[in-house]
2 protein chains.
Amino acid sequence: MHATPALATPSNATAVAPFQRRDDLGIEQLREHVVVARRRVAAGQFVHRVGQPFHSLFLVGFGCLKTCELADDGREQVTGFHMRGDLLGVESIGLPHYACDVIALEDSEVWELPYPPMLTACLRVPALQERLTAALAAQIRRDRQWMLTLGTLGAESRVAAFLLDLAERHAQIGLDPHRFVLRMCRVDMANYLAIKHETVSRVLSHLAATGLVDVRRRDVTILDPVALRRVASSESSVH
Amino acid sequence: MHATPALATPSNATAVAPFQRRDDLGIEQLREHVVVARRRVAAGQFVHRVGQPFHSLFLVGFGCLKTCELADDGREQVTGFHMRGDLLGVESIGLPHYACDVIALEDSEVWELPYPPMLTACLRVPALQERLTAALAAQIRRDRQWMLTLGTLGAESRVAAFLLDLAERHAQIGLDPHRFVLRMCRVDMANYLAIKHETVSRVLSHLAATGLVDVRRRDVTILDPVALRRVASSESSVH
DNA sequence: CGTGACCTTGATGAGCGTCAAACCTGGTGG
DNA sequence: CCACCAGGTTTGACGCTCATCAAGGTCACG
């Protein structure tokens with residue numbers, strides 16, 4: 001259900017993370033073969049936009065970003081939020097141009113992985129190749145899991161599932177899974193959840209009223225993970 | 001928006017297809033390196049089930065199949081329908097077991113591509129590797145495009161978009177894009193569209209009443225593609 | 001201290017889900 | 001060959017969930 005795969009964990013974080021994500025690549029190994037440039041991205045700035053020439057994948061160093069899918073007629077859909085260790089740009093592999101927007105929600109850092117060099121590195125290091133392919137497959141599974149959530153659950157369950165997903169990902173990068181800050185505004189969250197932002201507000205208020213969480217604007221504390229998990233998997237109106 | 005990528009077009013179809021799908025791999029090239037076994041699958045039978053040991057990818061020779069994502073609590077979500085030239089099983093790469101079910105909707109044939117041999121073939125043939133990766137990336141894009149449709153459009157638009165997608169895919173494999181048979185029942189279609197089957201029925205009846213399509217149970221004729229496209233991209237209640 | 005972005009809450013209603021009944025249509029067996 | 005049956009499909013009536021519209025509150029920042 002995660003929005004993006006962790007291709008690798010930035011080296012300064014390996015000691016902190018309680019466990020590595022399965023689709024971890026190993027950034028140290030990668031750096032032996034590819035020149036990795038760090039790039040700062042201010043809040044609101046694009047890492048890449050749809051239509052720009054595809055040249056690199058990006059690994060999130062720190063911060064938080066969102067991926068945005070666009071339609072010709074102006075509709076847009078947030079398809080993922082990304083944090084440290086997540087790999088960006090994989091969906092554009094094989095295309096001349098990036099297929100979506102990636103925008104920083106706060107000041108962030110991404111590590112630029114030039115793609116042609118990565119390809120040649122993959123030729124020399126089969127393990128690298130396998131891990132990149134595995135990372136792509138893992139991304140498909142996450143998207144599918146999210147489709148399952150959106151397709152089968154109602155508004156309240158979606159919000160609960162979202163909070164639990166954030167909690168899990170925070171745990172994976174060594175942060176407190178039960179107390180964190182939402183880096184995205186309600187509108188982005190609502191778009192991702194395919195509901196309206198007013199509904200998100202109401203659901204959060206309700207979850208707080210029933211004692212499952214504490215919410216003060218963007219500060220979230222999960223008080224009853226078990227009950228929250230129950231909410232996140234109970235079928236909704238859309239039976 | 002297609003449900004599955006075409007890794008290759010079966011050789012007996014290359015002459016028929018008006019154009020090759022971009023993520024085409026070239027089955028002839030592949031057969032030089034991997035033993036490809038044909039397998040018949042009767043309607044209702046599984047190509048693979050969640051939990052079975054992962055060993056192969058599958059290329060659809062003919063017929064129609066669906067992919068089904070399962071949750072622990074029994075919820076399930078159809079995440080794609082597949083026809084000739086589509087590649088199955090990619091989402092399970094890197095796992096010990098298949099991550100989803102694939103079920104034949106009618107008597108079908110799949111070509112079994114044993115995965116370990118494919119990996120070694122990829123090592124010797126870089127072009128093959130690149131195309132497999134590209135096929136995975138294309139799958140991610142299709143899933144994302146569908147997430148955009150589900151997240152931003154109402155019931156009527158979703159059905160219209162679905163019919164247009166089927167039309168396009170039929171064109172790609174050399175079938176009539178404006179006159180075809182729905183191989184799935186209303187329930188499967190509705191599940192994929194994240195609405196109820198009664199709603200699908202009603203929408204189809206309404207599209208027929210306004211002269212955009214003709215629908216007789218599973219036989220569909222698209223009468224006004226332009227108007228249908230307009231319906232498929234007009235934002236819904238979910239503004 | 002104003003100003004704008006973001007968040008919350010309420011009232012109302014549209015869209016679609018739910019429940020129920022009737023209608024095919026293809027397959028089975030008498 | 002026809003009667004029957006089961007699964008799939010259509011249609012209607014009703015109600016719930018969530019979108020819409022509107023107003024007010026909170027906070028960061030110039």
Side-chain angles (χ1 to χ4, degrees), chain A residues 42-44 64 66 75 78 103 105-107 149-160 162-163 181-210 213-220 231 234-239, chain B residues 42-44 64 66 75 78 103 105-107 149-160 162-163 181-210 213-220 231 234-239:
Chain A
C64 188
K66 66 173 174 180
R75 286 174 293 130
V78 176
I103 305 169
L105 298 174
E106 61 179 338
D107 293 0
T149 297
L150 293 182
T152 58
L153 297 178
E156 182 150 290
S157 301
R158 291 182 202 186
V159 173
F162 178 70
L163 293 178
V181 177
L182 299 170
R183 304 297 177 175
M184 71 294 296
C185 65
R186 293 285 186 270
V187 171
D188 283 340
M189 198 171 146
N191 183 303
Y192 182 56
L193 297 171
I195 53 183
K196 299 285 108 178
H197 68 94
E198 296 96 327
T199 304
V200 171
S201 261
R202 274 185 256 271
V203 168
L204 287 175
S205 298
H206 183 245
L207 291 176
T210 49
V213 300
D214 183 88
V215 183
R216 303 239 157 98
R217 279 167 112 40
R218 295 196 184 182
D219 294 309
V220 172
V231 172
S234 64
E235 285 195 40
S236 74
S237 62
V238 184
H239 139 202
Chain B
C64 188
K66 66 173 175 181
R75 286 174 293 132
V78 175
I103 305 170
L105 299 174
E106 59 178 340
D107 293 359
T149 297
L150 294 182
T152 59
L153 297 178
E156 182 151 290
S157 302
R158 290 182 202 186
V159 174
F162 178 70
L163 293 179
V181 177
L182 299 171
R183 304 296 177 175
M184 71 292 298
C185 66
R186 293 285 187 270
V187 171
D188 283 340
M189 198 171 146
N191 182 302
Y192 181 58
L193 298 171
I195 54 183
K196 299 284 110 179
H197 68 95
E198 296 95 327
T199 303
V200 171
S201 261
R202 274 186 256 272
V203 168
L204 287 175
S205 298
H206 182 245
L207 290 177
T210 50
V213 301
D214 182 90
V215 183
R216 304 238 156 99
R217 283 167 108 38
R218 297 196 180 180
D219 293 310
V220 173
V231 171
S234 64
E235 284 195 41
S236 75
S237 62
V238 182
H239 140 194

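These numbers come from a predicted model, not from an experiment. Numbered from 1 within each chain, the chains take letters A, B, ... in sequence-line order.
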Q: Quick one: E198(B) CD to dC23(C) C1', roughly how many Å, whole number?
A: 15 Å
Q: Quick one: I195(A) CD1 to dC16(C) P, roughly how many Å, whole number?
A: 16 Å
Q: Examine dA19(D): is either OP1 or OP2 under 4.0 Å from a nitrogen or oxygen in the side chain of T199(A)? Give yes or no.
A: yes
Q: What is the distance, to the nearest angstrom, from the NE2 atom on H206(A) to the P atom on dT9(C)?
A: 12 Å
Q: Rounded to whole angstroms, how far apart are CZ on R158(A) and P on dC18(D)?
A: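 After rounding, the reported distance stands at 8 Å.
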Q: Does a nitrogen or oxygen in the side chain of S205(A) sit under 4.0 Å from OP1 or OP2 of dT9(C)?
A: yes
Q: Measure the distance from CZ on R217(B) to P on dT11(D) and round it to the nearest whole Å.
A: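 Distance check: R217(B) CZ to dT11(D) P gives 11 Å.
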Q: Looking at residues at least two apart in the chain, or sitting in another chain, which of them share a side chain to side chain donor-acceptor pair (under 3.5 Å) with E106(B)?
A: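 If we apply the side chain to side chain donor-acceptor pair (under 3.5 Å) test to E106(B), skipping adjacent residues, the hits are R183(B).
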Q: Just the rounded figure in Å: distance from C1' of dT9(C) to CZ of R186(A).
A: 13 Å
Q: What I want to find out is whether R217(B) reaches D219(B) closely enough, with some N-O distance under 4.0 Å, to be called a salt bridge.
A: no
Q: Take R202(B) and R202(A), find for each the nucleotide of DNA chain D with the closest heavy atom, and name the residue whose nucleotide sits nearer the 5' end.
A: R202(B)
Q: For N191(A) and dC18(D), what is the distance between atoms CG and P respectively, to the nearest whole Å?
A: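 Atom-to-atom, N191(A) to dC18(D), this comes out as 17 Å.
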Q: Round to the nearest Å and state the distance from K196(A) atom NZ to dG15(C) atom P.
A: 14 Å
Q: With the side chain of A155(B) defined as its heavy atoms from C-beta on, choose the nearest nucleotide among dA19(D), dC16(C), dT10(D).
A: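 Among dA19(D), dC16(C), dT10(D), the one nearest the side chain of A155(B) is dC16(C).
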Q: How many angstroms lie between atom CZ of R186(B) and atom CG of L193(B), to the nearest 0.5 angstrom?
A: 11.0 Å
Q: For a 4.5 angstrom cut-off between non-hydrogen side-chain atoms, does V215(A) reach L207(A)?
A: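 No, too far: nothing below the 4.5 Å cut-off.
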